[in-house]
There are 2 protein chains.
Amino acid sequence: MSKVTIKDVARHAGVQPSTVSRAINNHPHIRATTKARVLSSIQELGFVPDRAAQSFRTGRTRSISLLLPITGTDFYDRLINSIDEALEAYEYDAGIFPLLSERRLARYQNPAALPYHTDGLVYASLNPEQLYHDPLTIQGLPAVVFEVPSSRYDHVTVNNELGGSLAARHLQRRPATTFVINVEERFNTPFASGVFRERVRGFRAAQRDAGLDLPDTHIFTSDFTPERAHQAARRALQQRTGPVNIFVTCDVFARALLEEVRLAGLTPGDDVRIVGFDDDRQAEASGLTTLHQPVEEMGRTLTRLLMERIADPSLLERSVQFDPVLKVRGTA
Amino acid sequence: MSKVTIKDVARHAGVQPSTVSRAINNHPHIRATTKARVLSSIQELGFVPDRAAQSFRTGRTRSISLLLPITGTDFYDRLINSIDEALEAYEYDAGIFPLLSERRLARYQNPAALPYHTDGLVYASLNPEQLYHDPLTIQGLPAVVFEVPSSRYDHVTVNNELGGSLAARHLQRRPATTFVINVEERFNTPFASGVFRERVRGFRAAQRDAGLDLPDTHIFTSDFTPERAHQAARRALQQRTGPVNIFVTCDVFARALLEEVRLAGLTPGDDVRIVGFDDDRQAEASGLTTLHQPVEEMGRTLTRLLMERIADPSLLERSVQFDPVLKVRGTA
DNA sequence: CTGAAAGCGCTAACAC
DNA sequence: GTGTTAGCGCTTTCAG
């Protein structure tokens, strides 16, 4: 019951409401003693500023929304944490909006929906241009896109093709039959960002450059669920007629493959050489050779871009790309 | 840029602002033709009601916040989806606030923080009374607690002890050395709800009732991370000197055990009989015998309780408990 | 059924 | 450095 208003505090402290406002907003033009008196009144009365009134008055919410396909993966946890950390300096909060269900997706088509009641948007692994039927719906709200290039919004990406080619060139050092296990991307499913396709494209190009072929039958694509990941891994291993090299386009899937390799009594890094992608928190413990993405740095960068744009919406569109780095561990 | 206000719409439609308000709020006392005219003006001008102004004026945000320890597990995804679904009838949105990091937790100690800028709170698997240093911080905001009993808030729980005892009695049908794999609960970590302890307590009681012992050395407790789950599973299997029964207090861990059983060349349901807890989406595919929790029904129930309390904060505290049901599949 | 007008709590521009 | 005052956009009386 936030019945205590700025007026009550003002009366109690013997000042005007505007002075109370100056106190709570760290306004420079206020005497230290006055401020202290006001703050103690606030404490005493248990005053909590009415956020709705503040947003209404200032036109700003001091919050941003993070739209993302799913949650709970290392990758997004790291992203969220780095954004949270970067926001602290701006005294902003982040609301997280995973598009978990069709219902949520449909609901968020409405420009009056909750996520847009903020000062800015982060689209993580989502393409805003395909997200909305009416491309104008959310127009005007400052936004930054993560992982997806965009011609209309600031964006922060990773050079996925480079990552794919680094994987290919590393595996080429010990030639063998080569497979790819990839994540299916479809619109309206979590992953429609195109990153996985880019990784495969880079891999393929590097194979071609080395005079090697990667037939379509050597690419196993599957939905982003644990069972499917294991299925794809088993299918790949069945095709094997000797040592193989396998590029897996995300670490979660690479670990599913690792398990299947062990279940089949094979030795990772020897019978089956594996390169993953992401370098998630478990990658090191699993001994996984993988492409490191500088997620934290990307999170910081996109936060900065977004806050700059909120401060000045007239800014020209900016784009920052990061290079993945190969981490060589035991699996390849 | 939501520069178009209700005034502009009013002028365009040749009515007063109050009439526009009546139109967008589905007020009964408005002529159909007037409403149509207003709505078409809204369309034409691209008017979107200013949520900040609405919340400010009405004192309600038409949103609730869901605080939970983590995201990405089946269990919470199902909970979120069922809450979303139930909220639709009330035209409410849910914001999700996972306490992913210490930083978030600290930030949300502040009663002015983003999650509390709503009409109500759901504490999922969190005990509000231990969450805040100052127990009065969030006072007054309608709240419902999920999975944790509470003397001050409405709560929806599952009879975890019953679940544990059902597991024990089922396993007792084929006597064998009996182990428990459990999830560590600590304050300031995701799971401080007490549910896992209750499950073990119920299991233990049923063992005692059957004249069986469950020494502490037969209980393997581990942090809620994949590696630790596998570790705990391996430790349990090493202790084995013949067929064993293992009660695992959540399905995610039960699947880790299943994998280790197979890796060890053992047969689940025969050499190692396993009962899990949750009946998550992968349980059926894994053939896991487990305790089903009616998560969706719980989500609907807590949503109803919360909306009722928002409508009438003077309501007496209510509590609803659901019984888990044993789903017998292949693993036991 | 529609209009007129007050005012929610706060901030900011302007006085002093 | 503090007070005075207007007003953000909307909803909700109260008239008519």
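Predicted, not measured: the structure shown is a model, and the values here were computed from it. So that the names make sense, note that chain A is the first sequence line, chain B the second, and so on, each numbered from 1.
- Residues B:A53 and B:R31 both approach DNA chain C. Their nearest nucleotides, taken by heavy-atom distance, put B:R31 toward the 5′ side.
- The separation between A:R22 atom CZ and C:dC14 atom C1' is 11 Å, rounded to whole Å.
- For B:T19, the listed nucleotide lying nearest its side chain is C:dG3; candidates were D:dT2, D:dG9, C:dG3.
- Side-chain proximity of A:I30 to D:dC10, C:dA4, D:dT2: nearest is D:dT2.
- Side-chain contact between B:R318 and B:E308 is present, with heavy atoms from C-beta onward closer than 4.5 Å.
- Residue side chain A:R57 does not reach the base of D:dG9 through any donor-acceptor N/O pair under 3.5 Å, judged by distance alone.
- When distances are taken from the side chain of A:T34 to each of D:dT2, D:dC10, C:dT2, the shortest belongs to D:dT2.
- Between the side chains of B:Y76 and A:T71, no donor-acceptor pair of N or O atoms lies under 3.5 Å.
- Residue A:Q54 places no side-chain N or O under 4.0 Å from the OP1 or OP2 atom of C:dG9.
- In this model, no side-chain donor or acceptor of A:S21 finds a partner on the base of C:dA12 within 3.5 Å.
- No contact: B:V20 has no heavy atom under 4.0 Å from any strand.
- Using a 4.0 Å cut-off, no side-chain N or O of B:Q16 falls inside it from OP1 or OP2 of C:dT2.
- B:K7 has its NZ atom 8 Å from the P atom of D:dG9, to the nearest Å.
- Considering only side-chain atoms of B:S18, the nucleotide from C:dA5, D:dC10, D:dT4 that sits closest is C:dA5.
- Residue A:I24 contributes atom CD1, which lies 14 Å from atom P of C:dG9 at whole-angstrom precision.
- With sequence neighbours excluded, the residues forming a side-chain hydrogen bond (donor to acceptor under 3.5 Å, both in side chains) with B:Y92 are B:R60, B:D119, listed by chain and number.
- Rounded to an integer number of Å, the gap from A:R11 CZ to D:dG3 C1' is 16 Å.
- Checking D:dT2, C:dC1, D:dT11 against the side-chain heavy atoms of B:H29 singles out C:dC1 as nearest.
- Set against D:dT4, D:dT2, C:dA12, the side chain of A:T58 has C:dA12 as its closest nucleotide.
- In this structure, A:I42 atom CD1 and C:dC10 atom C1' are separated by 13 Å, rounded to whole Å.
- Judged by atom type and distance alone, A:R51 does not reach the base of C:dG9 through any side-chain donor-acceptor pair under 3.5 Å.
- Side chains of A:S150 and A:Y123: a donor-acceptor N/O pair is absent below 3.5 angstrom, by distance only.
- Within the 4.5 Å cutoff, side-chain heavy atoms of B:V15 are placed close to those of B:V20.
- For A:N26 and D:dG1, the CG to C1' distance is 16 Å, given to the nearest whole Å.
- Put simply, the side chain of A:P149 does not reach to within 4.5 Å of the side chain of A:Q321, judged on heavy atoms.
- Protein atom CG of A:N25 is 17 Å distant from nucleotide atom P of C:dG9, rounded to whole Å.
- Rounded to whole Å, atom C1' of D:dT12 lies 14 Å from atom CZ of B:F56.
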